Amino acid sequence: MSLSTRWRAARSARRRGTRNGRSDALLTVGVMIGIVAALLPVTRVIAPGAWIWGALALSAATMATGFLLRRTRMSAIGISAVELALTIGVVTVVFLRETALWGIIPVFGSVDQAAGLVVTASEEILYSAAPMVPTPALSFLVVGAAGLFTIAVDHIALTARMPLLAGVALFTVSLIPALAVPSAVNLWSFALLAAAVLLMLRAETRGREPRGGRASGASAVAAGIGALALVATLLITPSLPQPGPRVASGSGTAGIDASLSLGQDLRRPEQIEVLRMRSTAPLPPYLRVATLSEFTGAVWEPDRTWSLPLEGGSAFGDVGTGPGIEVADYSTTVEITDLSASWLPVPFPAVGVEGLSGSWNVMPLNRTVVGDNGATQGQSYVVETRVPEPTLDQIRAADANPDQVRDTASALPDNLPEIIAQTAREITAGTTNDYDALIAMQSWFRGSDFRYSLDAPVEQGFDGSGADAAAAFLEVKSGYCVHYASAFALMARTLDMPSRIVVGYLPGVNTSTVVDGQNVRSVLSGQLHAWPEVYFDGIGWVAFEPTNSLGTATRFGSATDAAQNDAANPTPTASSAPSATPQPTRSALSENLDTPNASVPLPLQRNLAAFGWGAFTLGLLALLAAPGVVAELRRRQLLASATRGDAVATWAVVRDTAVDLGIRVAGSDTPRMLGDRLVREYGVDADAMSVLVSAIERESYALSGARTVSRQRPGDGGTERGTLAQAAREVRGQVMLAASPARRSIALVAPRSLVLGLFTRG
């Protein structure tokens, strides 16, 4: 090679290096801006604190390290290894210093500590309400995840040169907080993220521009798509349905709407702890705040009967039961944390309340407690209950008698849709007593035909508790607790059984804290619930749980079963203590898995958390492997076509291989230009390349008759069947061997041709 040729080659290399350096710098800046924009929405889930500055600092240090190492021509694997070591070192120094060797080198103890922090953070995410307090465990999880995510995005955008895929990853992360805590879209963070993605696309296409500075078709298409997406999003987003306003009394404090308008309460984005409770009952009791007996056809009205002052001590009255029915005494302690309402949450049937401050009244007919508006906030009290516990034979012998209760508990509107009574008759056909009929209805509602959903009622236009809403619910078979309770209560009335609806709270979740031998449970605002009750002679009001996938279904055991269980286990359990409260009918594990208010033991919680992380990891690995699998399937399809003499498919194999390896393939390159470059710079066999180039040129420029003859006749550059496929395999293998191991790995795992091929293929 002459001196002038070497000088021109060196000058061209310097220009390419300068252009690539500028491109890397712009990509680095774009990725960092995108990470900032993606992390900002997380502050809606976790309260701002030192964690956000730590995450941004770690991301910035990782991006800067990657940029500097690329200037030294270090391999991609080496760069990622250094970035990973930096992330582990920073996280170890900040969070795992006590167990690390010399405070910086993680050891087995550090791994155990990290696993414990992940488990703790998972439990905090499960039980806490947004915005969560940035505890050390949560901060560790977020900062560590931000560091790993930065390494992945840096590798995709700058090593694999796939900024569009990196932009998709950034947008995905930014959407996670919006899915976890639905709220209005933050247009500023979205616009910043969109600008970062456009900057990355521009930097990448500019780094591949030919001399003269004119943007390639890829640049124009990418910029156009980005601009259209940004404009469309800004126009469409304001018209999307936004979460409804939060029903509350006071800042950050939940309230209660006893009119069965629970849809907005249940769908509100924030979940806060409203109270904590513990009980001596074998099953944690539901807590009621109000009963609703009067039905107008459109709404259920809360009962407002005569009341007595609570101070008297006997305002509740005794619990009357029939002969031979046992009554069990239980005590429940309730501590209100964030609930401002006039209705006091109490278990049923209450016979006494102690520890309240202020003025309170009792409604003896429904055993609810009412005070001044907002009087519940900060209260801590103990409720004594006397629960009738009939056997299965006793409740089957009892009638659901409407003569023993007020007329409002049996009244039906004149225009009740026929589907309600017809469905009740069909489900209970063949039953011989009121209890079995109600159990048949409960089992039908909790069956697989029904689906619990907070959104379907809104979509179908029956977000309410009226007769028309209940009829629509029976047809659609999708809704939430209000629809289940209203339909059940109305169906019971059509069978001449007195019924009412109760509004209150599910028993909450176990906090793993034990006080006086009782598990402390946390009840969240989203666990506001509605369920039906039916009155039985000699027993009183019996609760049922028709809502699919929530709560525990009502079941009563026979006297024989109870005696056998008592002999095997003298301690009362859920299966040995028949009760008017709903009883579990499934195994403990299945109940815990699909019931939001179940009490999951802490070891099981950790196992489930580990299972969830494992499933997430496998899913992530499958997602990462998907591009390579798709590209391999496409390549095999192209080679099969090449075996049949398809020159276009054959050349696509060569072109995709070059794109996957990061070899510049300009839109203006002819097959001969690309072939000469691969022969000259990558040591590809000239004869094999000549076969492929001649075939694609003949396919592109020769007359149709000449193309047909050339496929059938071997010759100089001819294409008999199988020759093209063999040449394509040889060229692909030689180009792959000429590339570095890192480039080969990237080409196999993240083939750029799947994304950038839209811009490079002619």
Side-chain angles (χ1 to χ4, degrees), residues 13-40 42 52-91 143-174 189-209 213 215-216 218-219 222-223 226 662 664 740 742-743 746 750 752 755-756:
R14 285 196 301 272
R15 287 179 177 175
R16 287 196 303 270
T18 302
R19 189 162 59 242
N20 291 338
R22 293 174 180 173
S23 174
D24 286 353
L26 286 177
L27 277 173
T28 301
V29 173
V31 170
M32 194 60 222
I33 294 175
I35 290 175
V36 173
L39 285 178
L40 285 178
V42 181
I52 191 169
W53 300 112
L56 293 177
L58 178 58
S59 298
T62 301
M63 294 300 301
T65 300
F67 175 79
L68 294 176
L69 291 177
R70 286 185 183 88
R71 300 303 92 209
T72 65
R73 305 295 181 183
M74 180 180 286
S75 66
I77 295 180
I79 294 174
S80 297
V82 173
E83 291 175 340
L84 181 60
L86 173 65
T87 300
I88 294 176
V90 171
V91 171
V143 173
L148 297 177
F149 178 70
T150 302
I151 295 174
V153 175
D154 176 71
H155 190 84
I156 295 172
L158 283 101
T159 302
R161 313 299 291 190
M162 300 176 70
L164 188 59
L165 184 58
V168 171
L170 291 169
F171 270 110
T172 301
V173 170
S174 69
S189 63
F190 178 83
L192 184 64
L193 182 54
V197 174
L198 291 177
L199 177 60
M200 289 189 293
L201 290 174
R202 173 58 182 165
E204 168 60 10
T205 54
R206 184 175 182 179
R208 295 188 291 110
E209 286 177 4
S216 65
S219 177
R664 183 177 64 85
S740 65
R743 282 290 183 186
I746 295 172
R752 303 173 65 194
V755 179
L756 300 183

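Throughout, numbering of the chain's residues begins at 1 and tracks the sequence. Everything numeric in this text was worked out from a predicted model, so none of it was measured.
With rounding to the nearest 0.5 angstrom, the CD1 atom of Ile151 is 11.0 Å from the CE atom of Met63. To the nearest 0.5 Å, atom CD1 of residue Ile33 and atom CG of residue Leu198 are 11.5 Å apart. Going from atom OG1 of Thr62 over to atom CD1 of Ile79 covers 12.5 Å, rounded to the nearest 0.5 Å.
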Inset, instruction - Kindly indicate, with the supporting measurements, whether the criterion side-chain contact (heavy atoms from CB on, under 4.5 Å) is fulfilled by Asp154 and Phe67. - result: CA-CA 9 Å; Asp154 176 71; Phe67 175 79; over 6 Å; no

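Put simply, the side chain of Leu84 reaches to within 4.5 Å of the side chain of Leu148, judged on heavy atoms. A heavy-atom distance below 4.5 Å is not found between the side chains of Met32 and Thr28.
None of Thr87, Val153, Thr150, Val36 except one satisfies the side chain to side chain contact (heavy atoms under 4.5 Å, CB included) rule with Ser59; the exception is Thr150.
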